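In what follows, a structure is listed as structure tokens, so that the remarks can point back to it.
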Amino acid sequence: MLTSLIISQIISWIVILGLVVALLALARQVGVLHIRVAPAGALATSGGPSVGTTTGPIAARDLDGNPVTIGGHAHGAKLRLLLFVSAQCPLCKAVIPMATSFARAERVALSFIGDDDADAQRAMIAQHGLEGHPFINGPQVGQAYQVAKLPFAVLLDEEGAILSKGLVNSREHLESLVVAHEMGIRTVQDYIGSLKAQAA
């Protein structure tokens with residue numbers, strides 16, 4: 001009887017030790033996967049002013065032809081998000097509701113920038129209920145930031161410095177702009193590069 005009890009205890013400890021080893025191996029694999037799986041973030045492009053650059057005021061006009069200024073100092077707006085969109089861009093139409101929701105949640109001043117037929121832009125504004133947001137229509141702002149693809153977003157601080165920027169097609173991409181700024185990284189590509197360097 002005593003011998004059977006001792007044998008069962010030994011087997012139990014062997015099983016427990018085996019489970020501990022398996023758990024440690026699993027934790028290590030999770031860590032490796034965390035490093036290898038790239039985060040979904042806004043894809044930065046090579047053109048245009050780089051992150052950290054402070055752009056001066058850019059003179060532009062809204063849909064009604066009124067003069068407006070983009071960039072430069074903006075009193076009371078700690079974070080400003082410029083979202084470049086077009087009525088002809090299906091991805092833009094998908095990301096617009098996400099952007100408005102994101103701006104409310106993050107308390108970001110959201111402005112839409114376009115360069116298209118005014119009637120088409122007005123139809124898009126009516127369709128998505130964007131009447132409460134500034135809408136700039138013209139090539140000046142896009143040229144200043146060298147925007148080549150849409151939908152593209154630029155996050156500015158109160159002084160007009162570019163905190164982050166990139167192509168966005170999901171709420172996760174929009175949130176990555178703020179996260180990149182809070183983490184002190186320029187782009188998600190820089191973040192991935194640093195992870196690879198650590199893993200090497």
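This one's a predicted model, so the numbers in the text were calculated from it and none came from an experiment. One is the number of the first residue; the rest follow in order along the sequence.
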Close side-chain approach of [X] to [Y], heavy-atom, < 4.5 Å:
X	Y	answer
L19	V15	yes
L83	V85	yes
I113	V147	no
I58	T69	no
L155	I162	no
P151	F84	no
F152	L82	no

Shortest non-hydrogen contact from [X] toward [Y]:
X	Y	answer
A153	L81	CB-CD1, 3.9 Å
D115	P139	OD2-CB, 3.5 Å
L150	C92	CB-SG, 3.8 Å
A161	T54	CB-OG1, 3.4 Å
L110	A103	CB-CB, 3.8 Å
Q88	A120	NE2-CB, 4.1 Å

(message) Going by salt bridge (charged side-chain N to carboxylate O under 4.0 Å, His left out), name the residues that satisfy it together with R61, two or more places apart in sequence or in a different chain.
(response)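 Testing R61 for salt bridge (charged side-chain N to carboxylate O under 4.0 Å, His left out), a comparison that skips the adjacent residues, returns none.
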(request) May I ask you to decide whether D117 forms a salt bridge with R122, counting only side-chain N to carboxylate O separations under 4.0 Å? (result) no
Could you tell me the separation between the [atom1] atom of [X] and the [atom2] atom of [Y], rounded to the nearest 0.5 Å?
X	Y	atom1	atom2	value
T53	L156	OG1	CG	11.0 Å
H181	D157	NE2	CG	7.5 Å
D62	N137	CG	CG	9.0 Å
E172	M98	CD	CE	11.0 Å
M124	C89	CE	SG	9.0 Å
I125	I96	CD1	CD1	9.0 Å

(request) Would you mind telling me which of L163, V168, V154 makes a side chain to side chain contact (heavy atoms under 4.5 Å, CB included) with L177? (result) V168
Distance-only, no hydrogens or angles: does the [X] side chain make a donor-acceptor pair with backbone N or O of [Y] under 3.5 Å?
X	Y	value
S12	S8	yes
K93	A87	yes
K78	R107	no
E158	L79	no

(request) In sequence, state the C-alpha distance, the side-chain angles, and the governing distance for Y145 and K165, and then conclude on side-chain contact (heavy atoms from CB on, under 4.5 Å). (result) CA-CA 10 Å; Y145 290 102; K165 64 176 185 175; over 6 Å; no
(request) Assess the side chains of R80 and S111: does a donor N or O sit below 3.5 Å from an acceptor N or O? (result) no
(message) Is a donor from one side chain sitting under 3.5 angstrom from an acceptor on the other, for Q121 and D116?
(response) no
(message) Would a single hydrophobic cluster contain both W13 and V21, if residues Ile, Leu, Val, Met, Phe, Trp and Tyr are joined by side-chain heavy-atom contacts under 4.5 Å?
(response)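 V21 does not cluster with W13.
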(message) Which label fits F135 and F112: parallel for a plane angle under 30°, tilted from 30 to 60°, or perpendicular past 60°?
(response)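 Parallel, since the angle between the ring planes stays under 30°.
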